[in-house]
Student: 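First, the structure itself, so that you have it in front of you.
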Amino acid sequence: MIIAIDGPAASGKGTIAKGLAQHFGLPYMDTGLLYRAVGHALLEQLNAPDLSAPDLVDRAEELARNLDVTRLDPIVLGAADVAMAAAKVARIPRVRAALFEVQTDFATQDGGAVLDGRDIGSRICPQAEAKLFITASAQVRAARRTRQLQAQGIEVNEAHVLDQIRLRDESDKENPAGAFYPGEGALLLDTSELDIEAALEAAIALVNKATDQGMDG
Ligand code: C5P
């Protein structure tokens, strides 16, 4: 069974996807880490806070093609500047194309998988048996992300985190190369009012509902 989880930054999709993987005994891939890794490597190559180089697209594609997906560090890649860089490289069609196969290979392994991202249900795995689109208000997402970063010992200001989440939402929604929308047949889950346990319980129920419907025809 393939479970496709999409949704905006800090909507709870990562926690839900991991919980579903554990519940259904499936391997899990956080596809945001792939884009983050390309963004991070570019920031290092260019040694600059912003991404501007005449050969940016070539560099980004090259990095995406040679990405070692076994060596992605979620802590390093979790930084806010890396997230913004990820959103920028995610707009480059050649980067999305270079990262396509590693995702489809993971999804189609024997037994299935859980993947989360922005275009899993729409483009990477339109054939997924269960597709969920996880949302939450921008304020709730900013509060969650702030707590996450603080728990890692990173000093952050919630208003600034909210601004960055809004900027990234805009960039992702208008991404001409992406697909920031629920895939066909996706079930929506708003986690604004739910804690982790309740959100996971709701997600499990939706996956069961989606797969029951699938079996019914
Ligand atoms: O999910 P996460 O916040 O880690 O993703 C970082 C960025 O990578 C997103 O803001 C988005 O621009 C990009 N992304 C994407 N497609 C995916 C996963 C992430 O465009 N499947």
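Every number for a ligand or one of its atoms is a count from 1 in the order of the listing.
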Student: Can any side-chain N or O of Arg91 pair as donor or acceptor with the backbone N or O of Ser171 at less than 3.5 Å?
Tutor: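 Yes: the side chain of Arg91 pairs with the backbone of Ser171.
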Student: I want to confirm something. Looking only at heavy atoms, which of Arg96, Lys13, Gln103, Met29 is nearest to atom 16 (N) of ligand 1?
Tutor: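 The option holding the nearest heavy atom is Arg96.
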Student: Does the side chain of Gln148 pick up a donor-acceptor pair with the side chain of Arg145 at under 3.5 Å?
Tutor: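 Per modelled atom types, Gln148 and Arg145 side chains form a pair under 3.5 Å.
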Student: For the atom pair CZ (Arg36) and CG (Leu77), what is the distance rounded to the nearest 0.5 Å?
Tutor: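 Nearest 0.5 Å value for the CZ-CG distance: 7.5 Å.
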Student: Around atom 3 (O) of ligand 1, find the nearest protein heavy atom and jot down its residue, atom name and distance.
Tutor: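 So the nearest neighbour among protein heavy atoms is Arg168 NH1, 2.9 Å.
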Student: Check whether any N or O atom of Asn175, backbone or side chain, sits under 3.5 Å from an N or O atom of ligand 1, and answer yes or no.
Tutor: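 Between Asn175 and ligand 1, no N or O pair is found under 3.5 Å apart.
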Student: So is Arg118 polar-close to ligand 1, meaning N/O to N/O under 3.5 Å?
Tutor: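 Between Arg118 and ligand 1 (N or O atoms, distance only) the closest approach is under 3.5 Å.
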Student: So which of Gly7, Pro74, Ala83, Ala90 gets nearest to atom 13 (C) of ligand 1, if we judge by its closest heavy atom?
Tutor: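 Closest candidate by heavy-atom distance is Ala90.
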Student: Quick one: does Thr31's side chain have a donor or acceptor within less than 3.5 Å of a partner on Asp116's backbone?
Tutor: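 Such a contact is found between Thr31 side chain and Asp116 backbone.
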Student: At what distance is the nearest protein heavy atom to atom 11 (C) of ligand 1, and which residue and atom is it?
Tutor: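 Checked against all protein heavy atoms, atom 11 (C) of ligand 1 sits closest to Asp172 OD1, 3.3 Å.
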Student: Among protein heavy atoms, which sits nearest to atom 8 (O) of ligand 1, and what does the distance come to when rounded to 0.1 Å?
Tutor: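 Sorting protein heavy atoms by distance from atom 8 (O) of ligand 1 puts Tyr35 CB, 3.5 Å first.
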Student: Does atom CD (Gln139) have a neighbourhood of more than 12 heavy atoms from anything else shown, all under 6.0 Å?
Tutor: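 Atom CD in Gln139 is packed in, count exceeds 12.
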Student: Using heavy-atom distances only, which candidate in Lys88, Met84, Arg36 approaches atom 4 (O) of ligand 1 most closely?
Tutor: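 Closest candidate by heavy-atom distance is Arg36.
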Student: For ligand 1, which atoms have a heavy atom of Ala87 less than 4.0 angstrom away?
Tutor: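 Under 4.0 Å from Ala87, ligand 1 has these atoms: 12 (O).
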Student: Residues two or more places apart in sequence or in another chain: which of them pass side-chain contact (heavy atoms from CB on, under 4.5 Å) with Thr108?
Tutor: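 Residues passing side-chain contact (heavy atoms from CB on, under 4.5 Å) with Thr108: Gln127.
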Student: In a table with atom names and distances, give each donor-acceptor pair under 3.5 Å that connects a side chain of residues 192-201 to protein atoms at least two apart or in another chain.
Tutor:
from: Ser192; atom 1: OG; to: Ser137; atom 2: N; distance (Å): 3.0
from: Ser192; atom 1: OG; to: Asp190; atom 2: OD1; distance (Å): 2.7
from: Asp195; atom 1: OD1; to: Glu197; atom 2: N; distance (Å): 3.3
from: Asp195; atom 1: OD1; to: Ala198; atom 2: N; distance (Å): 2.9

